[in-house]
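Letters go in sequence order (proteins before strands), and every chain restarts at 1.
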Protein chains: 2
Amino acid sequence: MKNMTQEPRNILSQHKVSITNPRIIVLDTLLDFGNPITIEELQSKLKGKVAKSTLYRVLNDLKKINILNEFTSPDNAVVVELILEEDSHHHHLFCSDCGEVIDVELSDEFEMMLVKEMEKVQKELNFEIKDHRVEMFGLCTDECSNCE
Amino acid sequence: MKNMTQEPRNILSQHKVSITNPRIIVLDTLLDFGNPITIEELQSKLKGKVAKSTLYRVLNDLKKINILNEFTSPDNAVVVELILEEDSHHHHLFCSDCGEVIDVELSDEFEMMLVKEMEKVQKELNFEIKDHRVEMFGLCTDECSNCE
DNA sequence: ACAATAAATGAGAATAAGTCTCATTTATTT
DNA sequence: AAATAAATGAGACTTATTCTCATTTATTGT
């Protein structure tokens with residue numbers, strides 16, 4: 001899902017937040033990595049460039065303008081992922097061995113069925129469902145660059 | 001999914017772990033609550049009865065014998081839930097307002113389709129999928145005892 | 001382009017969740 | 001009931017995240 005068409009400066013100005021160095025650097029790093037990334041890994045990539053407190057602030061800023069998705073891996077590590085306009089709806093696959101997080105697109109057929117299920121749940125439980133998430137856990141095999 | 005048929009002592013002896021007071025108290029509390037619960041809330045229920053360090057140890061023990069499920073809420077709070085033998089496969093619904101976590105069963109039809117989707121993903125990505133989870137987010141309305 | 005104002009940053013202190021240590025207590029085994 | 005092994009409590013320690021505040025950087029109006 002790597003995407004080089006978007007520029008940090010454009011992203012920021014499109015969302016009407018001021019353009020600052022730390023924001024550009026964080027966005028650059030996320031765009032360059034192109035996959036969901038652990039805060040820990042992100043911190044190590046930014047060591048010496050962006051202060052720890054600033055990193056957390058920038059991540060919060062990005063969440064506020066809805067271009068950052070945050071979730072946790074099975075071992076409770078926080079993972080973030082940029083939401084780019086041309087990204088399609090997708091879910092995540094976690095390797096329990098190396099910790100890698102992989103984007104997965106499921107079929108439209110499946111997504112439609114999930115929506116129907118959610119509608120049923122909404123009615124039964126009188127709950128207004130806004131969003132959903134499908135997570136899959138397992139082991140990446142020989143294709144994974146981390147585990148061998 | 002509240003279940004009163006299981007006794008802490010039986011659960012522990014069935015899993016060959018020694019029967020101790022803190023373990024009984026923690027299991028009792030989880031059985032009594034009968035729903036997924038935040039560590040924070042669990043701690044407050046056990047205040048003065050079980051030491052913090054012991055609580056975490058007991059929770060780890062229960063995870064080791066596979067009778068405790070752990071996951072995180074959308075705001076990254078850790079939530080635990082007892083896995084009882086007669087519980088059926090289910091998913092979770094999170095209220096963004098009051099933080100309540102509700103068990104949801106989805107149709108067999110849907111689950112079968114999800115399994116098919118996972119098989120596709122397994123082949124495509126050469127990933128061995130062991131487990132999955134469907135999470136839904138939204139707002140509970142007038143039925144919820146917490147929000148009004 | 002420049003001054004004034006508002007917002008963002010860095011560095012480290014503060015807080016909070018979870019783990020670890022170790023002396024004491026409680027279970028289990030014989 | 002004694003010996004051995006395991007579990008506990010209390011609090012120290014570690015690590016992730018938030019907060020504070022003095023300084024720097026961006027934005028706005030002229």
Rounded to the nearest Å, what distance is computed from the [atom1] atom of residue [X] to the [atom2] atom of nucleotide [N]?
| X | N | atom1 | atom2 | answer |
| --- | --- | --- | --- | --- |
| B/Asp61 | D/dA7 | CG | C1' | 9 Å |
| B/Arg23 | D/dA7 | CZ | C1' | 7 Å |
| B/Leu55 | D/dT8 | CG | P | 11 Å |
| A/Asp75 | D/dA16 | CG | P | 12 Å |
| A/Leu12 | D/dT25 | CG | P | 18 Å |
| B/Asn76 | C/dG18 | CG | P | 11 Å |
| A/Lys16 | C/dA7 | NZ | P | 16 Å |
| A/Glu41 | D/dA16 | CD | C1' | 17 Å |

> Mapping A/Asn21 and B/Val78 to their closest nucleotides on DNA chain C, which lands nearer the 5' end?
Replying inline: A/Asn21

>> Go nucleotide by nucleotide along DNA chain C from the 5' end; which of A/Val17 and B/Gln43 gets its closest nucleotide reached first?
In response: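 By nearest-heavy-atom nucleotide position, the 5'-most residue is A/Val17.
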
>> Check the phosphate of C/dA7 against A/Ser18, side-chain N and O only, distance under 4.0 Å to OP1 or OP2. Yes or no?
In response: no

> Less than 4.0 Å between a side-chain N and a carboxylate O, is that true for B/Lys120 and B/Glu117?
Replying inline: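 The answer is yes: the pair qualifies as a salt bridge.
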
Output a table of nitrogen or oxygen pairs between the protein and nucleotides 18-22 of chain D separated by less than 3.5 Å.
residue : atom : partner : partner atom : Å
D/dT20  : O4   : A/Arg57 : NH1          : 3.4

Would you find a donor on one side and an acceptor on the other, under 3.5 Å apart, between the side chain of [X] and the backbone of [Y]?
| X | Y | result |
| --- | --- | --- |
| A/His90 | A/Glu105 | no |
| B/Ser96 | B/Gly138 | yes |
| B/Thr38 | B/Glu41 | no |

> Per the side-chain contact (heavy atoms from CB on, under 4.5 Å) rule, which among A/Val26, A/Ile25, A/Asp32, A/Leu31 passes with A/Thr29?
Replying inline: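 Exactly one pass, corresponding to A/Ile25.
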
>> Looking at A/Gln43, I'd like to know if its CD atom is crowded, meaning that more than 12 non-hydrogen atoms belonging to other residues, nucleotides or ligands lie closer than 6.0 Å.
In response: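 Yes, enclosed.
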
>> Heavy-atom count check: over 12 atoms from other residues, nucleotides or ligands less than 6.0 Å from B/Gln14 CD?
In response: yes

